[in-house]
Peer 1: 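Sharing a structure here in structure tokens format.
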Amino acid sequence: MLLQRQSPTLRPLTTAHLAQTMTLLELTSDELRQKIEASLASNPALELLDTPHCPQCHRILHNAEPCPVCSTPQNPFSDDPIIFVSPQWDFISRENNYGDEGPLSEEWSSLPEDLATFVLRQIAPELAEADRPLAAHILTSLDEDGLLRISLFEIARYHHVTLERIQEVQSLIQRAEPWGVGSSSPQQALLVQLEILSEIRPVPEHAARAINEGLDFLSRHTYHELGRLLGISAEDAAQLASFISENLNPYPARAHWGPGRADNPTNPVYKNPDIIITCLNEKENTPLVVEIVSPYAGSLRINPLFRKALNQVPAENAAQWQSDLDEAVLLVKCLQQRNNTLVRLMQSLVILQRQYIMEGNAQLIPITRARLAEELEVHESTISRAVADKAVQLPNRKIEPLSKWFDRSLHIRTVLLEIIAQEVKPLSDTQIADLLVEHGFSVARRTVAKYRAMEGILPARLRQAMRS
DNA sequence: CTATGGCACGGATT
DNA sequence: AATCCGTGCCATAG
């Protein structure tokens, strides 16, 4: 109802317009792509016009002729991000000129649009050119759990390379999210996850051995036997087991997407980003380039011939044609509205969260959707819809839900992680709470406990037996 | 007695 | 209107 100030130039004209705008706003670009493809197929009034590519970066240009990225001088610093709606180009062909060679790009493009692509996005920049086919082979052979069920030997022999090289590629993949993806067994996945985790925070001393030697006991929950194996008490063994089951996942792809630990066991689909943020150049104060991924490449418009032909159409078809036309006009308008909203949303969000985007979790400024809505002079629900289910890709190529940007406590939890990582001997929740106050965060002791739980960190007493 | 987790309440957020 | 989140209080474990 309160959308009227959303855009000065595009006023919702009808309730239908309004309703559809809201619906479109909720859709991710992947979903929107399906919808538009369906409309294009069924509605003759719609027309998709090809538009030229930017010769330098291969972005497909909409209306604005100069490419917004390449035409920007490399030097300047600006608080204002370069922000625009861009059709999703093939990210591989842009990065490091992937796709220049024919045979390889075919192989890449045959990857299914799912987990494989998701992982590929992350490792692409670190992947040596010659190793691309190997990575592709591994990624396309994953099962639905994200594990590699075929043997590395087989791949090595197929490509005539050494086993070591395959293993290198595999370990690169394993360190991408979801952690442990591409492992040859659940056990290996657990070990990789444990290793990554141990770089961030303390982990129980015997965890690696428990996984290596006591996996049977772990899965059968026979903790006394596990304890006996490791030479620790049954209670400690039980704690160890709960640490493992809470923080590690033997089937990487069954995990939820993103690093969030808030358990969300319902279908964990890996998403392609709806918004891509990159740095314009390597300089310290580079402007950010924000691209709202548009689901269609080219410009969508009403076919002018269709409009002309409307008058001459036989009477019995006229009604149908008219409704097609109306529908098409509505869709185009609503799409503009959607883009407009997303652009404005990201505009202020990126300026506000620049620190976070560049430097990570600790710098996230807590902001509520409501406050942002006020600033942008749109209704709260508009922001909610725009944020829901969207994924952003940061300059470091991590893909995360946009909703993470509205996490009220992420920055405090990050500081809490740092405190615990630096602690000499385990601190009690009360002590941590005091330390946090020194950092300027006043949180209750009870809340510290909750944050700990969220991060999967055991209580102080049980942290004794930690660290290897 | 101290440290923690569970439950539940109230205010904020969606 | 429904949900989430921080907190206080209390029971329990060590």
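Owing to the predicted nature of the structure, the values given are computational and were not obtained by experimental measurement. To find a chain, count down the sequence lines: A is the first, B the second, and so on, and within it residues start at 1.
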Peer 1: From CD of A/Gln239 over to P of C/dG14, roughly how many Å is that when rounded to an integer?
Peer 2: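 That distance rounds to 10 Å.
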Peer 1: Return the minimal non-hydrogen interatomic distance between A/Val181 and A/Ala176, and the atom names on each side.
Peer 2: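 That would be CG1-O, 4.3 Å.
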Peer 1: For A/Ser381, report the nucleic acid contact type (base, sugar-phosphate, nothing); a contact means any heavy atom under 4.0 Å.
Peer 2: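 Nothing, no heavy atom under 4.0 Å.
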Peer 1: Would you mind writing out the side-chain donor-acceptor pairs for residues 411-428 of chain A within the sub-3.5 Å range, not counting sequence neighbours?
Peer 2:
from, atom 1, to, atom 2, distance (Å)
A/Arg413, NE, A/Glu455, OE2, 2.7
A/Arg413, NH1, A/Ser409, OG, 2.9
A/Arg413, NH2, A/Asp407, OD2, 3.4
A/Thr414, OG1, A/Leu410, O, 2.6
A/Glu423, OE1, A/Leu427, N, 3.1
A/Glu423, OE1, A/Arg463, NH1, 3.0
A/Glu423, OE2, A/Arg463, NH1, 2.9
A/Ser428, OG, A/Thr430, N, 3.4
A/Ser428, OG, A/Gln431, N, 3.3
A/Ser428, OG, A/Gln431, OE1, 3.3

Peer 1: Please give me every residue in residues 411-422 of chain A whose heavy atoms get under 4.0 Å of an atom in DNA chain C, ordered by residue number.
Peer 2: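 Close to the strand, none.
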Peer 1: Step by step, work out the side-chain contact (heavy atoms from CB on, under 4.5 Å) result for A/Val392 and A/Trp405.
Peer 2: CA-CA 10 Å; A/Val392 237; A/Trp405 292 27; 3.9 Å; yes
Peer 1: Over all heavy atoms of both residues, which pair between A/Pro366 and A/Arg371 is shortest? Give the atoms and the distance, please.
Peer 2: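 Result for this residue pair: O-NH2, 3.6 Å.
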Peer 1: Of A/Arg446, A/Arg445, A/Arg452, which meets side-chain hydrogen bond (donor to acceptor under 3.5 Å, both in side chains) against A/Asp429?
Peer 2: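 The single option meeting the side-chain hydrogen bond (donor to acceptor under 3.5 Å, both in side chains) with A/Asp429 is A/Arg452.
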Peer 1: I need the single residue from A/Gln355, A/Gln353, A/Arg354 that forms a side chain to side chain contact (heavy atoms under 4.5 Å, CB included) with A/Ile365. Which is it?
Peer 2: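 The single option meeting the side chain to side chain contact (heavy atoms under 4.5 Å, CB included) with A/Ile365 is A/Gln353.
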Peer 1: For C/dG6, does either OP1 or OP2 sit under 4.0 Å from a side-chain N or O belonging to A/Tyr451?
Peer 2: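 A/Tyr451 to C/dG6 OP1/OP2: side-chain N or O found under 4.0 Å.
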Peer 1: If I take atom CG from residue A/Leu372 and atom CG from residue A/Leu352, how far apart are they, to the nearest 0.5 angstrom?
Peer 2: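 Result: 7.5 Å between the selected atoms.
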Peer 1: Under a plain distance cut-off of 3.5 Å, with no hydrogens placed, do A/Gln336 and A/Asn340 share a side-chain donor-acceptor pair?
Peer 2: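 No, A/Gln336 and A/Asn340 have no side-chain donor paired with an acceptor closer than 3.5 Å.
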Peer 1: Which parts of nucleotides 1-14 of chain B does protein reach within less than 4.0 Å, heavy atoms only, written one letter per nucleotide 5' to 3' as B for base, S for sugar-phosphate only and - for none?
Peer 2: --SBBBBB----SB
